[in-house]
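Below: the structure, in structure tokens.
Predicted model only: the values in this text are computed from it and were never measured.
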Amino acid sequence: MVSIDLPPIARHADYYAGYLIPENLKDRWTLYRGTSKRVLPKLLSQLGKVDMFVHDSLHTYWNIRRELELISPYLSRPSIVIADDIQDNSAFLEWVKREQPTHWAAFREEWRDSLAGFAVFV
């Protein structure tokens with residue numbers, strides 16, 4: 001289990017990196033610091049396969065597109081891709097159309113005015 005995150009810039013921001021990972025699994029988790037543009041290509045070649053990918057970084061068209069295109073060849077079967085804040089551009093929907101996952105959906109997050117999407121490959 002791996003995460004990529006920018007170095008913390010706010011006071012106590014580092015506390016939230018990996019916050020939802022249960023303590024009994026933290027020894028199986030590695031945090032890489034830097035931009036996904038810099039870290040993700042090297043990391044994917046080391047990992048070989050990706051079972052689950054969550055995009056929750058810079059939500060620009062070009063960044064979402066780059067991340068999804070990078071991970072596509074590494075997705076195992078089965079796998080799932082989750083993308084947060086997909087409402088502001090078409091990168092996720094274009095990727096879904098191109099990759100044709102077995103199942104996919106977009107859903108509105110009740111507590112925020114945003115959309116998230118997921119794609120399942122079987």
Side-chain angles (χ1 to χ4, degrees):
M1 191 170 24
V2 298
S3 299
I4 301 171
D5 201 0
L6 295 172
I9 55 174
R11 189 173 185 196
H12 305 295
D14 211 29
Y15 171 77
Y16 295 102
Y19 179 78
L20 294 176
I21 299 170
E23 285 301 319
N24 64 328
L25 297 178
K26 285 214 174 163
D27 62 336
R28 297 172 54 193
W29 171 63
T30 304
L31 174 62
Y32 293 87
R33 291 294 190 178
T35 64
S36 64
K37 183 177 183 178
R38 183 180 61 80
V39 176
L40 191 56
K42 295 175 193 173
L43 184 57
L44 288 169
S45 65
Q46 291 173 11
L47 294 174
K49 289 289 179 189
V50 174
D51 298 324
M52 179 179 187
F53 180 81
V54 178
H55 162 83
D56 192 15
S57 61
L58 185 62
H59 301 296
T60 64
Y61 174 85
W62 293 109
N63 193 60
I64 296 171
R65 179 179 166 168
R66 178 180 33 257
E67 287 186 9
L68 295 177
E69 286 178 355
L70 279 169
I71 60 123
S72 291
Y74 294 92
L75 290 173
S76 60
R77 300 297 190 264
S79 62
I80 186 167
V81 174
I82 301 168
D84 192 32
D85 293 326
I86 63 169
Q87 71 279 352
D88 293 330
N89 62 67
S90 60
F92 179 78
L93 294 176
E94 290 173 12
W95 176 79
V96 163
K97 186 176 181 181
R98 201 170 38 254
E99 295 299 321
Q100 299 183 340
T102 311
H103 306 286
W104 75 275
F107 57 93
R108 181 160 307 280
E109 299 175 69
E110 287 184 33
W111 58 93
R112 299 172 47 207
D113 188 26
S114 66
L115 293 174
F118 71 89
V120 176
F121 296 86
V122 179

Check against side-chain contact (heavy atoms from CB on, under 4.5 Å), Lys37 and Trp62: CA-CA 10 Å; Lys37 183 177 183 178; Trp62 293 109; over 6 Å; no
Point-to-point distance, once rounded to the nearest 0.5 Å, from [atom1] of [X] to [atom2] of [Y]:
X	Y	atom1	atom2	value
Arg112	Leu115	CZ	CG	10.0 Å
His55	Leu68	NE2	CG	7.5 Å
His59	Ile86	NE2	CD1	11.0 Å
Asp84	Ser57	CG	OG	10.0 Å

Electrostatic pair Lys26-Glu23, nearest N-O below 4.0 angstrom: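 Yes.
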Same cluster for [X] and [Y] if Ile/Leu/Val/Met/Phe/Trp/Tyr side chains link at under 4.5 Å?
X	Y	result
Ile64	Leu93	yes
Val120	Val54	yes
Leu75	Met52	no
Val2	Ile4	yes
Leu43	Ile82	no

Any donor-acceptor pair under 3.5 Å from Arg38 side chain to Ser36 backbone: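 Side chain of Arg38 to backbone of Ser36, a donor-acceptor pair under 3.5 Å: no, none is there.
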Check: Ser114 main-chain N/O paired with Gln87 side-chain donor or acceptor under 3.5 Å: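 No: the side chain of Gln87 does not pair with the backbone of Ser114.
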Chi angles and distances behind the side-chain contact (heavy atoms from CB on, under 4.5 Å) call for Trp95, Ser72: CA-CA 9 Å; Trp95 176 79; Ser72 291; 2.7 Å; yes
Non-hydrogen side-chain atoms of Ser3 and Leu31 separated by less than 4.5 Å: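 Yes, close enough: below the 4.5 Å cut-off.
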Flag side-chain contact, heavy atom, 4.5 Å: Ile71 against Leu44: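 Result yes, sub-4.5 Å side-chain heavy-atom pair found.
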side-chain hydrogen bond (donor to acceptor under 3.5 Å, both in side chains) contacts touching residues 43-53 (sequence neighbours left out):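 Sorted pair list: Asp51-Ser76.
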Intermediate values then yes/no, side-chain contact (heavy atoms from CB on, under 4.5 Å), Asp85 and Phe92: CA-CA 10 Å; Asp85 293 326; Phe92 179 78; over 6 Å; no
Residue pair [X] / [Y]: nearest heavy atoms and the distance that separates them:
X	Y	result
Asn63	Arg66	OD1-NH2, 3.1 Å
Pro41	Leu70	CG-CD1, 4.0 Å
Phe121	Glu99	CE2-O, 3.9 Å
Val50	Ser79	O-CB, 3.7 Å

Within 6.0 Å of CZ in Arg98, more than 12 heavy atoms from elsewhere: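 More than 12 heavy atoms, drawn from other residues, nucleotides or ligands, come within 6.0 Å of this atom.
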Atom CG of Leu25 with >12 non-hydrogen neighbours under 6.0 angstrom: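 More than 12 heavy atoms, drawn from other residues, nucleotides or ligands, come within 6.0 Å of this atom.
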Trace of the side-chain contact (heavy atoms from CB on, under 4.5 Å) decision for Thr60 with Arg65: CA-CA 8 Å; Thr60 64; Arg65 179 179 166 168; over 6 Å; no
